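Each chain gets a letter, A, B and so on, in the order its sequence line appears, and its residues count up from 1. Basis for what follows: all heavy atoms, side chains included, without hydrogens, waters or symmetry-related copies. Note that the structure is a prediction, hence the values are computed from the model and not measured.
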Amino acid sequence: MCLSIPSKVVEIDEDNMATVDTMGVKRKVTLDLIAEKVEIGDYVLIHVGFAMNKISKEEAQLSLDAYAEIAEAMRSGEIDDEEGNANYA
Amino acid sequence: MPEIDLIEGFRDPLHMKALAEIIKKECVSKINIMEVCGGHTHTIMKFGLSQILPDLIDFVHGPGCPVCIMPKERIDHAIALASMPNTILATLGDMIRVPGSKTSLQKLRADGKDIRSLYSPLDVLKIAKENPEKNVVFFAIGFETTTPMSAVLIQSVIEQKLTNVYFHINHVTVPEAVDAIMSSGDAKIDAFLGPSHVSVITGYKIYEPLAQKYGTPIVVAGFEPTDVMESVLRIVRQINDKKAFVDNEYARAVSREGNVKAQDLVNTYMEKRTHFRWRGIGDIPNSALKLKDEFASLDAEIVFKEVLPTIELDDHKMCICGDILKGKAKPFDCKVFGKACTPTNPMGSCMVSSEGACSAYFKYGKLSQKGGML
Ligand code: SF4
């Protein structure tokens with residue numbers, strides 16, 4: 001039941017319904033459960049026809065930056081790669 | 001702010017590999033991690049995370065699949081309600097496929113009963129208006145994630161003065177279930193991955209008493225593979241430091257307080273039940289919600305009391321779903337897994353629901369068997 005993929009708000013109409021794009025699939029969701037203002041271009045998590053929250057792009061960027069940093073540390077040999085070429089799905 | 005990739009960045013194999021290497025380096029003792037939510041079970045199986053992670057890390061699957069924990073007698077309620085004359089029964093997800101004591105909603109629908117599987121609870125409004133001469137019963141299921149959506153529907157039914165909609169509420173709550181599993185002492189669990197979407201609604205504060213009571217780290221994790229990997233790393237570090245607190249890896253979506261508007265809506269219409277029987281686990285105090293007394297006229301359990309069976313029913317004796325939900329067994333431990341019990345012909349609810357552990361193992365299982373970790 002949990003659709004875990006972030007969806008981008010592409011349209012908002014008068015009765016607080018939004019059209020969201022989830023990896024190319026468009027659907028209508030209600031924004032009734034969100035207290036703060038939602039704008040076009042925001043990302044939301046959706047569940048059974050409702051947007052549940054806004055996703056913080058700043059926080060997401062912090063995580064991605066941290067991953068990039070450790071990946072770089074691995075590349076430069078700071079973290080050993082014991083198995084070399086293991087296959088990661 | 002420039003466009004940011006919220007999907008692929010969290011599935012980058014290089015990131016996963018780098019995280020795995022750090023975990024391998026830092027993890028020095030065996031850690032059993034329960035992922036409470038069925039969504040995490042799927043991420044772990046789909047991306048083969050057990051293979052990437054060191055053998056010291058073992059994932060134990062938890063009770064977080066709303067369809068899996070529904071006891072047969074509640075499904076029999078749905079069946080009894082759907083069998084009433086002039087009635088439309090509406091529900092969500094895989095619920096209609098789960099067998100009750102004699103039949104399933106799906107079979108009943110094939111026999112001509114009007115049973116609808118909805119995209120959103122709000123679809124009930126349209127159905128009720130189009131069928132004013134019929135009773136529409138919404139069989140509400142789900143954890144804290146889904147409860148606010150039922151509350152919005154209740155609010156709309158009242159505001160729009162619809163008189164033909166009733167609610168059979170089966171909303172359950174995570175902390176009480178985790179508490180029941182831990183206090184039984186049966187499952188050996190050292191740490192938890194906290195659910196993603198439950199936490200979006202409730203905030204991560206709901207797990208703080210559990211981390212304290214049982215001395216187990218709880219890290220709220222997103223659903224993407226790097227989210228799970230990073231959360232495992234955070235668990236390893238807490239354990240190495242002999243700490244046990246609630247940490248939030250999923251900060252892009254979860255706060256400590258959660259969605260307060262959603263919580264307020266739930267509290268307006270619903271209150272705790274003193275008891276709820278979970279399939280395979282048994283009775284757990286305060287682990288579910290019901291409509292408040294002032295809304296009794298909307299409560300299908302009260303309005304249609306005389307048609308609802310009261311006998312408590314357990315699963316087929318071969319089915320070990322109960323032990324799986326309690327973290328005591330894994331799907332491969334079940335003798336009929338993949339043989340007599342498959343997704344097309346499920347014997348137990350863990351195989352019916354796409355969020356169930358047996359279904360995840362069936363779908364992605366070969367990967368994990370190869371790793372020899374199970
Ligand atoms: S494989 Fe089927 S019978 Fe066995 S525990 Fe899972 S759901 Fe139950």
Side-chain angles (χ1 to χ4, degrees), chain A residues 1-8 17 22-23 27-36 41-89, chain B residues 1 4-7 9-10 12-22 24-25 37-39 43 46-48 51-52 66-67 92-94 118-123 141-142 145-146 148-149 152 196-197 200-201 222-224 226-227 230 249 251-254 258-262 265 355 367:
Chain A
M1 296 208 321
C2 291
L3 189 62
S4 53
I5 303 163
S7 306
K8 189 176 183 176
M17 294 290 289
T22 318
M23 292 178 94
R27 47 166 75 77
K28 286 241 173 205
V29 298
T30 167
L31 301 175
D32 282 355
L33 280 178
I34 303 189
E36 69 259 52
D42 282 343
Y43 282 88
V44 291
L45 286 172
I46 63 177
H47 182 61
V48 296
F50 285 78
M52 292 197 290
N53 65 342
K54 263 171 44 169
I55 300 174
S56 159
K57 291 180 206 170
E58 289 78 12
E59 288 287 351
Q61 193 60 55
L62 286 177
S63 297
L64 293 176
D65 290 348
Y67 299 152
E69 220 169 275
I70 48 174
E72 180 50 39
M74 187 176 73
R75 223 180 337 235
S76 65
E78 280 169 52
I79 305 165
D80 318 324
D81 174 2
E82 293 157 27
E83 285 170 21
N85 51 5
N87 180 24
Y88 297 100
Chain B
M1 191 159 184
I4 158 171
D5 188 348
L6 288 169
I7 298 161
F10 292 89
D12 186 329
L14 197 69
H15 293 167
M16 286 160 69
K17 188 173 170 181
L19 284 162
E21 293 306 330
I22 304 184
K24 259 182 217 160
K25 240 182 157 166
C37 167
T43 302
K46 182 174 173 188
F47 293 92
Q51 277 71 39
I52 310 177
V67 171
L92 296 171
D94 303 315
L118 308 179
Y119 159 66
S120 163
L122 292 184
D123 296 344
I141 61 163
T145 328
T146 324
M149 292 70 178
V152 173
S196 313
H197 288 178
V200 167
I201 300 292
F223 273 138
E224 295 297 342
T226 55
D227 288 320
E230 186 187 340
E249 183 278 333
R252 64 188 186 278
V254 170
N259 184 334
V260 176
K261 186 176 181 184
L265 264 163
E355 283 174 61
L367 259 173

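Within the 4.5 angstrom heavy-atom criterion, atoms from both the backbone and the side chain of Leu19(B) approach chain A. Neither the backbone nor the side chain of Asp12(B) comes within contact range of chain A, judged by heavy atoms closer than 4.5 Å. Of the two parts of Leu118(B), neither the backbone nor the side chain holds a non-hydrogen atom closer than 4.5 Å to a non-hydrogen atom of chain A. The contact between Ile7(B) and chain A is made entirely by side chain atoms (from C-beta outward), counting heavy-atom distances below 4.5 Å. Residue contact with chain A, scored on non-hydrogen atoms closer than 4.5 Å, involves the backbone and the side chain of Thr226(B) alike.
Counting only distance, with no hydrogens or angles, the side chain of Asp94(B) and the backbone of Val67(B) share no donor-acceptor pair below 3.5 Å. The backbone N or O of Leu45(A) sits less than 3.5 Å from a side-chain atom of Asn53(A), completing a donor-acceptor pair.
Taking Gly9(B), Ser120(B), Gly39(B) one by one and counting their heavy-atom pairs under 4.5 Å with chain A, the maximum is reached by Ser120(B). Each of Val200(B), Asp123(B), Thr43(B), Leu265(B) has some count of heavy-atom pairs under 4.5 Å with chain A, and the biggest count is that of Val200(B). Contact tally against chain A (heavy-atom pairs below 4.5 Å) for Glu230(B), Lys261(B), Glu249(B): the top residue is Lys261(B).
How far CZ of Phe50(A) is from CG of Leu31(A): 10.5 Å, rounded to the nearest 0.5 Å.
Note that Arg252(B) lies outside the cation-pi zone of Tyr43(A), set by a 6.0 Å cut-off to the ring centre and a 45° limit from the axis.
Considering all non-hydrogen atoms of both residues, Ser7(A) and Ile46(A) come closest at OG-CD1, 3.8 Å.
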Quiz item: Do Met52(A) and Leu33(A) pass the side chain to side chain contact (heavy atoms under 4.5 Å, CB included) test, and can you show the C-alpha distance, the side-chain angles, and the key distance before you say yes or no?
Solution: CA-CA 6 Å; Met52(A) 292 197 290; Leu33(A) 280 178; 5.7 Å; no
